[in-house]
Visitor: 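One structure is given below, represented as structure tokens, and several questions about it will come after.
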Amino acid sequence: MDYGKERVIALVDMDCFYVQVEQRLNPELKNKPCVVAQYKTWKGGGIIAVSYEARAHGVTRNMWADDAKKLCPELQVARVRESHGKADLTVYRNASVEVIKVMSRYAVIEKASIDEAYMDLTATVQERLKDMEDRQVQLDLLKTTYVQGFPQTTEGHLDGLDKEVQRSLGVQEWLGSLCCSPGSDSPELRLAIGALIVEEMRAGVEKETGFRCSAGISHNKVLAKLACGLNKPNRQTILPLGSVPELFRSLPVSKIRNLGGKLGSSIVEGLEVENIGEVTQFTQAQLTQRFGDKTGQWLFDLCRGIDFEPVKPRQLPKSIGCSKNFPGRAALVTTAQVQNWLHQLALELEERLSEEREMNGRVAKLLTVGVRQAGDSRACSFSRCCALARYEATKIASDALAIIKSLNTAGSHQAASPPLTLLLLSASKFSEAPGASSGCMASFLSSDINTKQKVPTCDAKGDATPRRAATIQSLLHRAAEKRERTETQKQSSPLKQRPLLLSGKKQERTETQKQSSPLKRPPLLLSGEKQEKTETQKQSSPLKQPPVLLSGEKQERTETQKQSSPLKWPPLLFSGEKQERTETQKQTSSSSQVAARLQLRVRQVTPDSVTSKLVKRCAGDWHLPPPEHRLAGL
DNA sequence: CTTGGGCTTTTCA
DNA sequence: TTGAAAAGC
Ligand SMILES: Nc1ccn([C@H]2C[C@H](O)[C@@H](COP(=O)(O)OP(=O)(O)OP(=O)(O)O)O2)c(=O)n1
Ligand SMILES: [Mg+2]
């Protein structure tokens, strides 16, 4: 088997997904320039999905709806529903489940996002090949398929031709180049069979859900993803490895999945290349030296179109979370505000967790709480977790509040906390729900068996199981997921962590972004100096967290973090706090005070026990509201 | 005061 | 195991 051509991998991605969901709900929106926006008050709301008709007018995601209307006056704007005072994505999640269920009839899939899934079709293709007398793939079974790199054009012969004519010529030419004598096999023939299956799957998805999608078919996930985008919407694209060199010669590095961020920029700048194909000029040693073993090797293969990341059999999420931003003047200042919003988030979380228990027989055991403080450019200023024992919004909210208080006050009574610009609750560490019936054989047998896959033995102690109806595909998935878990971890994605060392200049910028005070490293506060520690806090040994890291610096793993002693939970409110600050405490002026803050660094925060260590963390210059407007007690 | 928002997964130390 | 960060939809 040719190196890098071992598998047949497909990626299916829904076209302007949220828009299609809204169009199905309101058919008047069909075939019109249309967007989905969330919230209304600020500039008409932010656009998160755009129909292809609207794209033709230059409308894009991240635009304000008001601005988009200027580009396209007839633009239809569908609104994300709101519940508990926040955007509610339920209808899109449910639509996603519909789609995934249909796709799972055709293959074991990895749900990669709300609207896309990967599938490894290698085994299915082999099966289909075995049954094929005639190894001729019919052109008319690939009605929506493109083959990248075909038709091969030497001059400008094809320039004037209709796009559909070119597509068809390309498929014909490519099919003709494959050996199709009985018993023949080749990686390219297998891609063609894969494309056949994906044509069927996509037709099935549209028939069952009404939603259209595009797909890429190739030998690995990166190429499949790339191929999918080449002929959107409502089309699929085969990307043979032989077409990669020409494609990669002029493909910007950032177009490759995983290279759209800092790593990609560092490749472009560090190697002085623009296109991914240019990376082939560097030796393996050069790449590993610059980017580390794992990333270097991945990159060496990738720039040749080779990638071994496995498709992970998983169609259920690993975490369920909700969050809300409070930008600018909306930042939360009082305990009552924080309490209230935590409760709203907890209500939604409880609903979704209960639904998950009902539908999939799984319960989450870990609650993660996160916040962002005003002035912090990071997505999350800090997060801590605690046990999630019961699905009760009130309890979830109060645990979350306790965590936030413990972190924010850290016993520093006088140094006020900055307002909060983000609250986040997330539940994870799912396990089988008590009382969930395992492996529902009745529904397994009764569900329509469309697929000719080898059905793995469905042992009684499978995965978490739905209480309603188990579909064959979900059972197949559970078996596949279980298999996967027991196998050795195969990993091959290059998500690189600490920014790469390139030149010193970039790194200063990185630091500046993190801390609002540039150039100056904020002084470390000694934890003992300005604060009274509670009993429990005193037991913890202070842990020095390195000052803001320069990107290249090595972060020291501190020793004592693992030792944890059970501690008593500090009181929720400090005696001095005024509970009710009802009037809307808008931050009136930009009175900037320099305030260093202390943070508690806590491992495993539970309502009953605070385990672990106190850590000093330093802040830059903080812009604080006048004292009377501060978030007392937080 | 940094303001597209609300998500999810993976990697690293 | 945890929390931060990266990358993505
Ligand atoms: N930053 C983003 C990106 C996407 N989405 C949502 C809305 C999209 O409809 C859906 C799928 O994302 P895609 O990137 O696949 O974009 P679309 O499906 O909308 O369009 P395309 O046809 O390009 O796939 O996820 C989102 O909420 N926020
Ligand atoms: Mg999509």
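Note that this is a predicted model, so its numbers are computed, not measured. A note on names: the letters A, B, ... follow the listed sequences, proteins ahead of strands, and every chain is numbered from 1. For the numbers below, each heavy atom of this structure counts, side chains included, while hydrogens, waters and symmetry mates do not.
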Visitor: When you measure from the side-chain N and O atoms of A/Ser383 to the phosphate of C/dT2, is any distance below 4.0 Å, counting only OP1 and OP2?
Guide: no

Visitor: Assert yes or no for the condition that the ring centre distance of A/Phe326 to A/Trp341 is strictly below 6.0 Å.
Guide: yes

Visitor: Is the shortest side-chain N to carboxylate O distance from A/Glu110 to A/Lys221 below 4.0 Å?
Guide: yes

Visitor: Return the value, rounded to whole Å, for the distance between atom CG of A/Leu89 and atom C1' of B/dG5.
Guide: 9 Å

Visitor: Would you call A/Glu98 and A/Arg24 a salt bridge, using N to O less than 4.0 angstrom?
Guide: yes

Visitor: Scan A/Arg93 against the nucleic acid and name what it touches under 4.0 Å (heavy atoms): base, sugar-phosphate only, or nothing.
Guide: sugar-phosphate

Visitor: Within this structure, what is the NZ-to-C1' distance between A/Lys312 and B/dT11, rounded to whole angstrom?
Guide: 12 Å

Visitor: To the nearest angstrom, how far is A/Gln297 atom CD from B/dT11 atom C1'?
Guide: 18 Å

Visitor: May I ask you to evaluate whether A/Lys318 reaches the phosphate of B/dT9, defined as a side-chain N or O under 4.0 Å from OP1 or OP2?
Guide: no

Visitor: Looking only at the side chains, is there a donor atom on one of A/Ser214 and A/Asn231 sitting less than 3.5 Å from an acceptor on the other?
Guide: no

Visitor: Just N and O in the side chain of A/Lys86: are any of them under 4.0 Å from OP1 or OP2 of B/dC7?
Guide: yes

Visitor: Can you tell me the distance, in whole Å, between the CH2 atom of A/Trp341 and the P atom of B/dG5?
Guide: 14 Å

Visitor: Distance only, no hydrogens: is a donor on one side chain within 3.5 Å (strictly under) of an acceptor on the other, for A/Arg372 and A/Ser381?
Guide: no

Visitor: Looking for any heavy atom pair under 4.0 Å, which part of the strands does A/Asn62 touch: base, sugar-phosphate only, or nothing?
Guide: base

Visitor: Report the nucleotide, chosen from C/dT2, C/dA6, B/dG6, that has the shortest atom-to-atom distance to any side-chain atom of A/Ala87.
Guide: B/dG6

Visitor: Could you work out which one of C/dA5, C/dA6, B/dT8 sits closest to the side chain of A/Pro317?
Guide: B/dT8

Visitor: For DNA chain B, which residues of residues 35-47 of chain A approach it to below 4.0 angstrom with any heavy atom?
Guide: A/Gln38, A/Tyr39, A/Trp42

Visitor: Enumerate the residues from residues 111-119 of chain A whose closest heavy atom to DNA chain B is under 4.0 Å, giving them by residue number; use none for an empty result.
Guide: none

Visitor: Within this structure, what is the CG-to-P distance between A/Leu259 and C/dA6, rounded to whole angstrom?
Guide: 15 Å

Visitor: Could you state the atom-to-atom distance from NZ of A/Lys262 to P of C/dG8 in whole Å?
Guide: 13 Å

Visitor: With a 3.5 Å distance limit and no angle check, can you tell me whether A/Asp88 reaches the backbone of A/Arg81 through a side-chain donor-acceptor pair?
Guide: no

Visitor: Ignoring backbone atoms, test whether A/Lys225 places a side-chain nitrogen or oxygen under 4.0 Å from the OP1 or OP2 oxygen of C/dA7.
Guide: no

Visitor: Which nucleotide in the set B/dG4, B/dC7, C/dT2 lies at the smallest distance from any side-chain heavy atom of A/Lys429?
Guide: C/dT2

Visitor: Tell me every residue that passes side-chain hydrogen bond (donor to acceptor under 3.5 Å, both in side chains) with A/Asn258, counting only those two or more places apart in sequence or in another chain.
Guide: none

Visitor: Should A/Arg352 be listed as having a side-chain N or O under 4.0 Å from OP1 or OP2 of B/dC7?
Guide: yes

Visitor: Using whole Å, what does the distance between atom P of nucleotide C/dT1 and atom CG of A/Leu367 come to?
Guide: 17 Å

Visitor: Please tell me which of the listed nucleotides, B/dC7, B/dG4, C/dC9, lies nearest to the side chain of A/Glu348?
Guide: B/dC7

Visitor: Could I get the full list of ring-ring contact (aromatic ring centres under 6.0 Å, His included) partners for A/Tyr118, not counting sequence neighbours?
Guide: none

Visitor: Of the options C/dG3, B/dC7, B/dG5, whose atoms approach the side-chain atoms of A/Arg384 most closely?
Guide: C/dG3

Visitor: What is the distance, to the nearest angstrom, from the NZ atom on A/Lys365 to the P atom on C/dT2?
Guide: 15 Å

Visitor: Check the phosphate of B/dT9 against A/Arg314, side-chain N and O only, distance under 4.0 Å to OP1 or OP2. Yes or no?
Guide: yes

Visitor: Quick check for you: among B/dT9, B/dG5, C/dG8, whose closest atom lies nearest to any side-chain atom of A/Arg257?
Guide: C/dG8

Visitor: State whether A/Asn325 places a side-chain N or O below 4.0 Å from either non-bridging phosphate oxygen (OP1 or OP2) of B/dG6.
Guide: yes

Visitor: From C-beta outward on A/Leu263, which listed nucleotide comes closest to its side chain: B/dT11, C/dA7, C/dC9?
Guide: C/dA7

Visitor: Supply the atom-to-atom distance A/Met119 CE to A/Ser104 OG, rounded to the nearest 0.5 angstrom.
Guide: 8.0 Å

Visitor: Please name all residues satisfying ring-ring contact (aromatic ring centres under 6.0 Å, His included) with A/Tyr92, sequence neighbours left out, ordered by chain then number.
Guide: A/Tyr18

Visitor: Remember a base hit wins even if backbone is also touched, and classify A/Ile320 as base, sugar-phosphate or nothing at under 4.0 Å, heavy atoms.
Guide: sugar-phosphate

Visitor: Please report the distance separating the P of B/dT2 from the corresponding atom of C/dC9, rounded so that it comes out in whole Å.
Guide: 28 Å

Visitor: Which part of the nucleic acid does A/Leu345 contact within heavy-atom distance under 4.0 Å: base, sugar-phosphate only, or nothing?
Guide: nothing

Visitor: In chain order, what residues pass the salt bridge (Lys or Arg N to Asp or Glu O under 4.0 Å) check against A/Glu348, with sequence neighbours excluded?
Guide: A/Lys86, A/Arg352

